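As structure tokens, the structure follows; a few thoughts come after it.
Chain naming here is simple, since letters A, B, ... match the order of the sequence lines and numbering starts at 1 in each. What you see below is based on every heavy atom in this structure, not just the backbone, and it leaves out hydrogens, waters and symmetry mates. It should be emphasised that the depicted structure is a prediction, and the values quoted were computed from it without experimental measurement.
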2 protein chains.
Amino acid sequence: MIKKKISINDIARSLGVSKTLVSLVINNKSDIHGISKITQQKVWDKIKEMNYKPNLMARNLRLGRSNTIGLIVSDISNPFYSRMARHIEDLAEKKGYNLIICSTDEKIDKEIALIKMLKNRQVDGLIISSSQKNISEFNTLLAENYPLVLVDRCIPKLKTNYVTVDNTKGAYEAVEHLIKQGYERIAAFAISPVHVSTINDRIQGYLKALKDHKLNYGNAYLREIPFDNVKAAVKKEFKKLIEGKNKIQALFAINNNIATACMEAINENRIKVPHDLALVCFDDVDLFKLTSPTITAVAQPIDEICENALKFLFAEISSKGAAEKKKITLATKLIIRRSSVL
Amino acid sequence: MIKKKISINDIARSLGVSKTLVSLVINNKSDIHGISKITQQKVWDKIKEMNYKPNLMARNLRLGRSNTIGLIVSDISNPFYSRMARHIEDLAEKKGYNLIICSTDEKIDKEIALIKMLKNRQVDGLIISSSQKNISEFNTLLAENYPLVLVDRCIPKLKTNYVTVDNTKGAYEAVEHLIKQGYERIAAFAISPVHVSTINDRIQGYLKALKDHKLNYGNAYLREIPFDNVKAAVKKEFKKLIEGKNKIQALFAINNNIATACMEAINENRIKVPHDLALVCFDDVDLFKLTSPTITAVAQPIDEICENALKFLFAEISSKGAAEKKKITLATKLIIRRSSVL
DNA sequence: GTGAAAGCGCTAACAG
DNA sequence: CTGTTAGCGCTTTCAC
């Protein structure tokens, strides 16, 4: 059995003092309360001797906080989110906060359940890359002044903090780059749910680039890949698109997972990139510079995203949700590699 | 300001009943206490009406648990660990547990501090891929019957649960594969700290394979890359090893990060793989089948690792640390790709 | 300089 | 069937 943990009471009793005194010492408030150095030392000695550790759950209950922040993303094993998680972890730790990480698999209900659960756990603030279509859950959070910042995916009409990148522009630049290389029939593989801001914005960027450059086929080459069946769906659609008279010349993958699946489809079909088909992708992943060929990608400033998100979140936390809501959109960077340059 | 949260007391008062009653209803114990259906319904209605959410921190303090498990790894953005985290998250969630994820950057002191912090937070159990050299911290945990399972990296002499893979054999097979392909001067890039069981075992596997096949240069081609400077160090060592008369013919990268760095070094030096140099790697990553060339890798059964780890951990939790300590070593699988086959 | 007492929100033993 | 009471471990106001 786990040994009975020793509490502040045990320290107090064995020292013949009150637990108030011990608490004051522990929390470095003994000086302002004028507690003698001698007593202070005695307390510290006893704490060490008995190997006392404060119970943070009790402290937090009393203080009405948890020193925990919740991070909700679609899938923590996606390298984009795991890099984000890592950076957030580091920044949070500096302020004494820990991170509870939750994945939704793009399931709206699961996301809502997770938000509720984290609130019930008294998490001090939430960082969410949301799959939500409906904003009512967030309106509730806002009405409660719950510290919240949306990252990656945002909901502009919502009066809350967010930090994202210019997805439309990033996609536009990627597709424009393809056009300038002479490619005309450019397909795009989006991922469901398409209502998510990042995905939708990237689609808009794609469509706008086509239009601005007089490629008038609209969304004829736009495909939506279901989140839970990426590989199979990509393969199937890919096969269709590379056949026939109007077969595509280039492909825009809307995120790193789609790009990876595209590369597999490309290899299976023995397509030569960029000779037979060019590829660009939104999201950069370390290994994209080692694939064959290396993959042109739209890189996001992950560190900056996290730094801003936490700055906003801590402002909310310290103001109890009364901070001015800030919205920031960072720039992406197109990294041109071999998959799009003949 | 955050609105005053409503508590079980508010429900009880507004219903003119005791909070005991409300608590019983909430916890589905009303039937065994014979509380009338009518009263039950009234409670539920009021809960909905007032939008009451139980404060889990208070409940957990009372119950002496947190429904949280701590996961400590060297770096959550390493794909091996992020995939592990994801799977653990899913399994834990099914049992109503959440995950606090912490990265150590291989810093022993940080790991110890994190263990203490998580204990103070009353985390119900710990899953650790430890960088520890000294086992005293774990002995303390064991003496306290703290639910613990080591994953990935283990400390065999410790009487605790662990689940790992046969790193020695995995490395042996990888290196033997190289030898059978005719390569003789095979270097290995390990990563510090080398005392970590997985790394050490892989080194032993490498050395044993050399020895068993009469390659008697011992550790002449073994290099240790510092964890916090992988790319630069790999490049530097790589350059040295591919020059001169005894230049190497093959390279064994001890984990996925090292492999990635090796690939970059290979490209920079315009080395042709596998013609000029073969490469095998411990850890498989999705994108390794898309690199140029594709990379031969020792794959670990991540899902199985996690399933066992959680099975052990929950056994500890439910028995309050009195479960029989289990140790399991799973098999790896060598996935042969182009980087090692002429 | 120090202590008593209240209370954070919850559960559970016991009483009736 | 329902309520009283105690207490998880901690902080903090107020009193001496």
Side-chain angles (χ1 to χ4, degrees), chain A residues 2-44 46-47 50-67 119-124 320, chain B residues 2-43 46-47 50-67 96 119-124 320:
Chain A
I2 293 180
K3 267 188 241 158
K4 173 89 185 55
K5 291 264 309 182
I6 65 153
S7 78
I8 199 172
N9 249 319
D10 301 319
I11 299 290
R13 208 162 28 226
S14 77
L15 230 38
V17 300
S18 76
K19 51 181 184 168
T20 308
L21 174 37
V22 179
S23 173
L24 291 175
V25 172
I26 289 170
N27 294 296
N28 293 316
K29 294 187 177 159
S30 35
D31 279 334
I32 69 172
H33 276 254
I35 288 166
S36 73
K37 291 287 175 203
I38 301 177
T39 316
Q40 289 187 37
Q41 194 53 53
K42 271 198 288 197
V43 171
W44 285 121
K46 186 58 88 179
I47 283 175
M50 301 185 72
N51 192 29
Y52 165 71
K53 306 287 176 204
N55 179 328
L56 295 184
M57 213 156 52
R59 170 183 288 167
N60 288 336
L61 170 62
R62 172 65 229 242
L63 263 26
R65 54 168 171 70
S66 63
N67 275 351
K119 276 171 64 181
N120 294 355
R121 269 180 178 273
Q122 312 303 113
V123 152
D124 295 332
K320 297 185 192 297
Chain B
I2 295 180
K3 266 188 240 157
K4 173 88 184 60
K5 291 264 307 183
I6 66 154
S7 78
I8 199 171
N9 248 318
D10 301 320
I11 299 290
R13 206 162 30 224
S14 76
L15 230 37
V17 300
S18 76
K19 52 180 185 167
T20 308
L21 174 39
V22 179
S23 173
L24 290 175
V25 173
I26 289 170
N27 295 297
N28 292 317
K29 294 186 178 160
S30 36
D31 280 334
I32 68 172
H33 276 254
I35 289 166
S36 75
K37 290 289 176 204
I38 302 179
T39 316
Q40 288 186 37
Q41 195 53 51
K42 271 198 287 198
V43 172
K46 186 57 89 178
I47 283 175
M50 300 186 73
N51 191 31
Y52 164 71
K53 306 288 176 202
N55 179 328
L56 296 184
M57 214 156 52
R59 170 184 289 167
N60 289 336
L61 171 62
R62 173 63 229 240
L63 262 26
R65 54 170 172 69
S66 63
N67 275 353
K119 277 170 64 181
N120 294 355
R121 269 181 178 271
Q122 312 302 113
V123 153
D124 296 331
K320 297 187 191 295

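Atom P of nucleotide D:dC1 and atom NZ of B:Lys19 are separated by 24 Å, given to the nearest angstrom. For the pair A:Ile38 CD1 and C:dG1 P, the computed distance is 10 Å after rounding to whole Å. Atoms NZ (A:Lys37) and C1' (C:dG1) sit 13 Å apart, rounded to a whole Å. We find that CG of A:Asp10 is positioned 8 Å from P of D:dG9, with the value rounded to whole Å. Taking atom CE of B:Met57 as the reference point, atom P of D:dC8 lies 18 Å away to the nearest angstrom. The distance between atom CG of B:Leu63 and atom C1' of C:dA13, rounded to the nearest whole Å, is 14 Å. The distance from atom CG of B:Leu61 to atom P of D:dC10 is 9 Å, rounded to the nearest whole Å. Here C:dA4 presents its P atom at 11 Å from CG of A:Asn9, a figure rounded to the nearest Å.
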**Request:** Take A:Lys37 and A:Asp31 through the salt bridge (Lys or Arg N to Asp or Glu O under 4.0 Å) test and state the conclusion after the steps.
**Result:** CA-CA 8 Å; A:Lys37 291 287 175 203; A:Asp31 279 334; 3.2 Å; yes

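Checked by atom type and distance alone, the side chain of A:Ser30 never pairs as donor or acceptor with a backbone atom of A:Ile35 at under 3.5 Å.
Counting only heavy atoms from C-beta on, A:Thr20 has its side chain closest to C:dA4 among C:dT11, C:dA4, C:dG9. The side chain of B:Pro54 has C:dC10 as its nearest neighbour among C:dA13, C:dC10, C:dT2. Picking from D:dG9, D:dC8, D:dG3 the nucleotide with the shortest atom distance to the side chain of A:Ser7 gives D:dG9. Taking the side chain of A:Ile35 as heavy atoms from C-beta on, and the options D:dG3, C:dC10, C:dT2, the nearest nucleotide is C:dT2. Of the candidates D:dT12, D:dC10, C:dT2, D:dC10 carries the atom nearest the A:Ile8 side chain, counting heavy atoms from C-beta on. Considering only side-chain atoms of A:Ser18, the nucleotide from C:dA12, C:dT11, C:dA4 that sits closest is C:dA4. For A:His33, the side-chain atoms get nearest to C:dT2 when compared with the rest of C:dT2, D:dT12, C:dA6.
B:Ser23 and B:Thr20 are not linked by any side-chain donor-acceptor pair at a separation below 3.5 angstrom, with hydrogens and angles left out of the test.
Contact annotation: side chain of A:Ser23 to base of D:dT12, donor-acceptor pair absent below 3.5 Å.
Here CE of A:Met57 is found 9.0 Å from CZ of B:Arg65. Values are rounded to the nearest 0.5 Å. Separating the NZ atom in A:Lys19 from the CG atom in A:Asp10 is a distance of 11.0 Å, to the nearest 0.5 Å. In this structure, A:Ile8 CD1 and A:Leu21 CG are separated by 9.0 Å, a value rounded to the nearest 0.5 Å.
Under 4.0 angstrom from either OP1 or OP2 of D:dG9 there lies no side-chain N or O belonging to A:Lys5. At C:dT11, one or more side-chain N or O atoms of B:Arg59 fall inside 4.0 Å of OP1 or OP2 (strictly under the cut-off).
Counting any heavy atom pair closer than 4.0 Å across all strands shown, A:Thr39 reaches sugar-phosphate atoms only and no base atom. Residue B:Asn60 is classed as having no contact, given no heavy-atom separation below 4.0 Å to the nucleic acid. As judged by a 4.0 angstrom heavy-atom cut-off over every strand, A:Leu21 is placed among residues touching the sugar-phosphate backbone only.
In this structure, A:Ala58 and B:Ser36 both approach DNA chain D, and ranking their closest nucleotides by distance from the 5' end singles out B:Ser36.
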